[in-house]
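Take a look at the structure set out below.
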2 protein chains.
Amino acid sequence: MPERKPRADAARNREAVLEAADRLIANRDRPAQVTMADIAAAAGVGKGTLFRGFGDRTGLIHALFEARLEPVRQAVTEGPHPLGPATPPRERALALLDALLCFKLDHRHLSLALEEAGSDSPYGAAHYDWWHGTLSGVLERLPGFTGSDFAAHALLAAVRADLVDHLTGRRNLSRERLRAQLADFAGRVLGGPASDGTADGAEPTSGTGNR
Amino acid sequence: MPERKPRADAARNREAVLEAADRLIANRDRPAQVTMADIAAAAGVGKGTLFRGFGDRTGLIHALFEARLEPVRQAVTEGPHPLGPATPPRERALALLDALLCFKLDHRHLSLALEEAGSDSPYGAAHYDWWHGTLSGVLERLPGFTGSDFAAHALLAAVRADLVDHLTGRRNLSRERLRAQLADFAGRVLGGPASDGTADGAEPTSGTGNR
DNA sequence: GCTTAAGCGGACCCTCGGTCCGTATAGTCG
DNA sequence: CGACTATACGGACCGAGGGTCCGCTTAAGC
């Protein structure tokens, strides 16, 4: 499988498409309002190029999501303290959830677009399996913790994009309050030190709380 | 607002449509595969009738869902022991979640259809607010329990149709094992009596575990 | 420069949600 | 029982948008 590298213009166009899609999705409030034709036009390419490069709409969204998620993934698999593998399980589990929540907050529209990408539910996408595997692996290392497989699913469900969107949008919950609530909830699930002080947790794990 | 009652044939057709939709959705494995034209044909009416009676696709799904959910709702608001209002909070919260899970298992395709009904996310549908209000109200009555609003959202997220579908479908988790896992997880969130014996919980609350 | 195959792009197709309006009939009143 | 009307019916029709196709363009190797 030689896997010859693509032509230069193809690579350039691919970038342009991802960039255009990101911009458009971020600006419209319903991701479904962004059509493939829109993206093609904004990227200055033809529709054919979109579909050749990404297969279909779902493929494009996935590619975009993966690209934006890459840094976080990196930080988790080989990064420093809070997220990295060296952190003790309880703390790391909390850090993972917080990082994922922050990511969804920072890329609200993109995450929404991904989840409503029709076809196959969020579950079954590569990145979900990765998150679930990572998180349940961490939970497993908690002494005396059982049912880590389901628990990981349930905890991940608590940060699903549409729920996050609902809470911060419709219900006007601030970013910091939401992070604190999640930390509180997750802490309860993990057991151990019941509450780590007050429930403010304004800066539990900086992680990807930037941008 | 006199609210004059509809003509007899209209009522009959409405029933036929709901029935046809239910059957079709239950039999195809992707709910999206069922088109409005399909439903109209199966019900023996014209498309116009569908849209006049339900507004749009989302409206039809909602109406169907509400109709099927009605018994459960009844059991919760004025039913007997496990689900009814007389049950002490901790037990009732567990019963509510189990009943909802069973409902989603029994009406897998319908629940999926509802969640992917496009337009507005699950959140914002009347029935969700009802579940959330009910559950968080119950949690509130647990002595020393905090963050019941978010906790209710998170617990409900753990029984979302697509997750349930993923676990029982792709992952071949049996109904009873799933119920036990959920009970275990929820029990941990609620605190109190850590584990009520083993984690089997084969028949925590019969409730709507029938059909 | 010449060759060639990877890449391009937009006209085109098809499905599907949703609308419209001429026709049919349930319900009512004389 | 016949006339009248509001209500409902239903399928032809429309527009949007995802996805395809194929003749043209152009990067890249010689």
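Each chain gets a letter, A, B and so on, in the order its sequence line appears, and its residues count up from 1. Computed from a prediction, not measured in an experiment: that's the story for all the values here.
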Spatial distance of atom CG (A:L190) from atom CZ (A:F185) [nearest 0.5 Å]
10.0 Å
Taking only residues two or more places apart in sequence or in another chain, which ones pass ring-ring contact (aromatic ring centres under 6.0 Å, His included) with B:Y128?
B:Y123, B:H153
Nucleotide by nucleotide, 5' to 3', does protein get under 4.0 Å of the base (B), only the sugar-phosphate (S), or neither (-) in nucleotides 21-30 of chain D, counting heavy atoms?
B----BSS--
Is the terminal nitrogen or CZ of A:R68 (NZ for Lys, CZ for Arg) located under 6.0 angstrom from the six-membered ring centre of A:F103 and within 45° of that ring's axis?
no
N/O (side chain, B:T49) to phosphate O (OP1/OP2, D:dA8) under 4.0 Å:
no
The single option from B:D165, B:D162, B:D29 passing side-chain hydrogen bond (donor to acceptor under 3.5 Å, both in side chains) against B:R108
B:D165
Proximity to the side chain of A:F51 - top-ranked nucleotide from C:dT19, D:dA8, D:dT20:
D:dT20
Taking only residues two or more places apart in sequence or in another chain, which ones pass ring-ring contact (aromatic ring centres under 6.0 Å, His included) with B:H127?
B:F65
Would you mind listing every side-chain hydrogen bond (donor to acceptor under 3.5 Å, both in side chains) that reaches into residues 72-86 of chain A, with sequence neighbours excluded?
A:E66-A:R73, A:Q74-A:E78, A:H81-A:E91
Pull out every protein N or O sitting under 3.5 Å from an N or O of nucleotides 13-16 of chain C, one pair per line with the distance.
none

For B:R14 and A:D56, find the nucleotide of DNA chain D closest to each by heavy atoms; which residue's nucleotide sits nearer the 5' end?
B:R14
Rounded to the Å, how far apart are A:F54 CZ and C:dG7 C1'?
14 Å
Looking at A:L156, A:L155, A:L105, which one forms a side-chain contact (heavy atoms from CB on, under 4.5 Å) with A:L100?
A:L156
To the nearest angstrom, how far is A:L60 atom CG from D:dG18 atom P?
11 Å
Check this one for me: any side-chain N or O of B:N13 less than 4.0 Å away from OP1 or OP2 of D:dA8?
no
note: A:I39, atom CD1; C:dG9, atom P; distance rounded to Å ~ 15 Å
Please enumerate all residues that pass side-chain hydrogen bond (donor to acceptor under 3.5 Å, both in side chains) together with A:E19, with sequence neighbours excluded.
none
Whole angstroms only, please: what is the CG-P distance between B:L50 and D:dA8?
15 Å
CZ/B:R170: more than 12 non-hydrogen atoms of other groups inside 6.0 Å
no
